[in-house]
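Heads up: the structure comes next, in structure tokens.
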Amino acid sequence: MTVLGWLRSRDNNLSALRRTGRAAIILPSLFAVGNLVLGSALIGLFASVGSVALLLFVDFGGPIRDRVFAQGALVLAGGVLISLGTLVSRIVWLAAVTTVVVAFVVLFAAVVSSVIASATTSLLVSFILPATLPGSLATLPDRLLGWGMAGVVSMAAIAVLWPSPVRNPLRIATARACALLAQRLRTEVECVRCGFLPNLVAQVDDVVAESSAAVAALRDSFFGTPYRPTGLTTSTRTLVRLIDEVVWLEEILARMPVAEGHGATTAAVSEVKLAAAVLLDHGAGLLKAVASAPDDLAVELARLREARGKMEATATSALPDPDTAEFVTSLEPSFRAQEMSFAISEIAQNIELTVAARRRTWWEHLIGRRPDGAGSALSSVQERTGAHVAWTSVTLHNSVRGGIALGAAVLIADLTGVEHSFWVAFGTMAVLRSNALSTGQSAVRALLGTVAGIVVGSVLILLLGHDTTVFWALLPIAVVFTGLAPAVISFAAGQAGFTVVLLLLFSLIQPAGLQIGLVRVEDVAIGCAVSLVVGIVFWPRGAAAELRRAVADGLAESARYLRGAVEYGVSRCDELVPATIEPGDENRRAAAAARRLDDTFRVFLTERGPKHVPLADVAAMITAVAVLRLTAEAVLDLWRRETGGAVGDRTAARAEVLAASDELTRWYEATADALTGSGIVPPLKSRDPAADARLLTAVHRDLSGDDHQGTAAAVKMIWTADHLDAARRLQPTLVGPVTAAARHSSLTS
């Protein structure tokens with residue numbers, strides 16, 4: 001294997017190599033300009049640290065123009081934080097308190113803006129460095145000049161020095177899955193219309209296998225990506241829901257066998273499938289940004305809804321006698337087609353949002369403004385922050401803990417009187433993780449890496465003495481190693497490289513031999529100790545425990561949302577009860593729980609240490625949360641189109657559906673309790689044939705009468721029960737994962 005091949009196997013898309021290559025060129029150059037040309041060590045220090053913060057610690061995505069504008073916004077924000085840090089740097093308690101506030105705001109604001117989420121570390125560095133270097137306002141121009149030099153050069157560098165390609169593997173994989181599912185629908189229709197010829201049946205089997213494999217690969221890629229590719233921009237955030245919907249669609253199609261016809265609804269169901277295939281195909285093209293793709297999907301979406309309406313009318317007008325055994329079976333194909341068409345409509349709308357989000361301006365990216373149809377900027381901020389203003393939010397936990405840790409580091413550094421106190425804060429920031437255990441592991445790695453770096457740097461200093469020419473030659477090599485080591489070797493190796501870089505920088509600024517190495521050990525050791533203590537005191541259970549709580553919250557809230565949707569629906573066809581309002585509160589709570597779950601899951605993936613719950617089990621639980629929410633929305637969509645008003649007494653039918661909904665909700669709530677250690681997973685209950693018979697008896701009058709509106713309402717009642725049955729089919733996939741997660745929780749509590 002070549003060196004480049006080895007790097008590619010460890011550094012995806014050579015991202016780390018790109019960043020470190022730019023930094024290796026720019027950092028020594030700017031340090032030389034500030035320190036030698038301008039004669040200011042302070043300018044050189046801020047220019048070099050700014051180069052690290054702006055080139056190694058951040059890598060914006062999207063088109064080059066958007067990257068440059070985002071980089072410019074980061075430079076301006078960093079200038080503001082440098083000014084603030086300088087103002088408070090001379091008063092110890094004020095510097096510490098301000099650090100707590102600034103760190104919390106920066107960390108928590110990541111949920112609002114994609115740019116802030118990408119630039120969190122850089123923003124923290126721009127404040128911590130001046131806050132821990134006491135200086136008067138007279139030093140501010142030099143500090144800003146150094147940072148500004150790094151900022152201007154970094155903007156040019158990301159545009160012309162080996163710019164990263166615009167890639168999004170998940171988006172392309174989603175488009176491929178959609179295209180294959182569209183091909184699957186067309187092939188199934190052809191097979192039905194041609195009388196199930198053997199070659200067409202075999203072709204259906206092949207395309208089903210291919211589309212299922214594509215969806216499985218998409219799902220595995222999404223759940224196996226630790227760096228949250230779905231969370232840094234609005235366009236990729238919409239992919240979270242889009243991937244959930246594609247997985248859900250594949251599960252729906254798996255329950256639509258094509259080996260037999262669909263009776264009286266065969267032609268209507270086929271038309272729905274064809275309209276859905278056209279919509280999926282066009283959506284896949286738009287998602288891949290193919291030139292021939294339409295600008296929007298409105299026309300195809302309207303055709304699908306029209307075909308669905310005709311299919312529903314056919315289903316309710318061509319029913320067999322409700323007393324026959326074929327009755328319930330006859331409704332199955334039309335229900336699956338209705339469920340499928342809703343899923344594909346949702347997929348199409350999310351594709352439009354994804355593409356619209358990609359086309360936003362850099363300013364709209366910066367402020368977190370969502371595209372038309374996705375809510376206002378203010379509502380977006382409220383939803384995102386509101387979801388995490390909760391005791392169960394791992395983002396809130398980490399923001400509070402991070403702010404306190406950095407503030408404590410600044411305070412302790414000043415109180416202990418250590419030299420170069422900003423290293424204390426940098427050490428704290430480098431090793432702080434989501435729980436006490438992994439913080440301790442990172443602290444050990446940081447110290448081991450620091451010791452190794454000091455040994456290497458000290459040997460160089462002893463051998464080379466004050467030969468600054470060799471130090472200048474070694475500086476870019478050390479920068480390259482620092483940038484690549486965490487990705488291709490280890491965290492400790494990165495710390496070693498960072499130590500060597502700082503030793504070289506300070507040896508060039510003020511040669512001091514081994515003394516700097518000893519100061520570095522002392523300062524970083526204090527930072528690691530602060531990080532470990534804060535991690536133990538505040539929420540020491542880690543992301544695994546938070547993930548169990550987040551899954552439990554997601555299951556319970558999504559099940560309640562489904563129950564609210566059912567209550568809303570069945571109240572719209574019974575004149576004896578007041579119509580129930582749409583479950584808006586339940587929807588918002590379920591959406592907030594889903595956002596917290598996704599954030600916690602990403603923290604769980606990035607957390608060091610063994611994963612005691614298999615990733616496949618975690619994926620099954622997260623998928624169940626998503627499918628429950630989507631099922632609730634499918635029920636709402638089914639009944640929103642009920643425009644005739646409530647006519648007749650359907651108390652018995654409504655009671656049956658509500659009873660099934662309540663039983664399902666109780667099961668999911670009890671399962672959620674089991675995840676948090678408050679009980680056991682309840683036994684499974686299959687669909688009750690006696691309950692189906694009672695529901696059929698309850699709607700018999702409507703089905704056997706001449707009132708078309710009553711017949712349609714009765715069919716929707718049965719379809720609602722089918723939606724509940726789909727949610728019930730999720731239960732067996734949850735029992736094993738929840739039981740295993742709950743067992744691990746009891747062993748570690």
Side-chain angles (χ1 to χ4, degrees), residues 255 263-265 312 315-339 559-580 583 628 631-632 634-636 638-639 642 644-670 682-732:
R255 299 195 298 269
T265 61
E312 291 175 353
T316 56
S317 62
L319 292 173
D321 190 318
D323 292 326
T324 65
E326 294 81 16
F327 174 75
V328 174
T329 303
S330 70
L331 283 176
E332 182 72 10
S334 57
F335 166 69
R336 295 301 169 203
Q338 187 270 341
E339 188 181 24
R560 292 171 191 138
Y561 180 30
L562 176 56
R563 180 178 59 190
V566 171
E567 290 175 350
Y568 163 79
V570 298
S571 71
R572 291 175 61 82
C573 62
D574 192 337
E575 64 182 4
L576 298 185
V577 296
T580 302
L628 281 175
T631 302
V635 172
L636 286 176
L638 175 66
W639 287 101
E642 181 66 35
V647 178
D649 176 7
R650 297 184 176 88
T651 302
R654 183 165 48 82
E656 288 295 334
V657 175
L658 289 176
S661 174
D662 289 341
E663 180 183 14
L664 193 70
T665 303
R666 286 193 297 271
W667 190 92
Y668 278 106
E669 288 177 335
L684 292 174
K685 290 186 178 180
S686 58
R687 187 167 180 171
D688 185 4
D692 289 342
R694 291 194 300 270
L695 177 59
L696 185 57
T697 300
V699 300
H700 184 278
R701 183 190 62 189
D702 287 326
L703 293 169
S704 59
D706 297 329
D707 180 10
H708 178 74
Q709 181 179 337
T711 301
V715 169
K716 287 184 178 182
M717 283 279 196
I718 296 174
W719 280 347
T720 300
D722 284 333
H723 277 300
L724 292 174
D725 186 55
R728 187 179 293 108
R729 294 184 186 186
L730 284 173
Q731 293 173 343

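Under the side-chain hydrogen bond (donor to acceptor under 3.5 Å, both in side chains) criterion, R255 pairs with E339, not counting sequence neighbours. Every side chain to side chain contact (heavy atoms under 4.5 Å, CB included) that E656 has, sequence neighbours left out, goes to A691, R694, L695. The salt bridge (Lys or Arg N to Asp or Glu O under 4.0 Å) check on R560 picks up E557, E669, with sequence neighbours excluded. For R729, the salt bridge (Lys or Arg N to Asp or Glu O under 4.0 Å) partners at least two apart in sequence or on another chain are D725. In this structure, the side chain to side chain contact (heavy atoms under 4.5 Å, CB included) partners of Q731, at least two apart in sequence or on a different chain, are L664, W667, Y668, L684, R728. Shown here are the side-chain hydrogen bond (donor to acceptor under 3.5 Å, both in side chains) partners of T720, two or more places apart in sequence or in another chain: W639.
Of all heavy-atom pairs between A565 and A632, the closest is CB-O, 3.5 Å. Closest heavy-atom contact between L628 and A559: CD1-N, 4.3 Å. A pairwise comparison of heavy atoms in Y561 and L636 identifies OH-CD1, 3.4 Å as the closest pair.
Each of V635, V566, V570 was scored for a side chain to side chain contact (heavy atoms under 4.5 Å, CB included) with S661, with one residue passing: V566.
For the pair T631 (side chain) and A727 (backbone), a donor-acceptor distance under 3.5 Å is absent.
The distance from the CZ atom of R563 to the CD atom of E663 is 13.0 Å, given to the nearest 0.5 Å.
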Is there a side chain to side chain contact (heavy atoms under 4.5 Å, CB included) between K716 and Q338 once you walk through the steps? CA-CA 11 Å; K716 287 184 178 182; Q338 187 270 341; over 6 Å; no
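Taking the six-membered ring where the residue is Trp, W719 and F335 present tilted rings, their angle falling between 30° and 60°.
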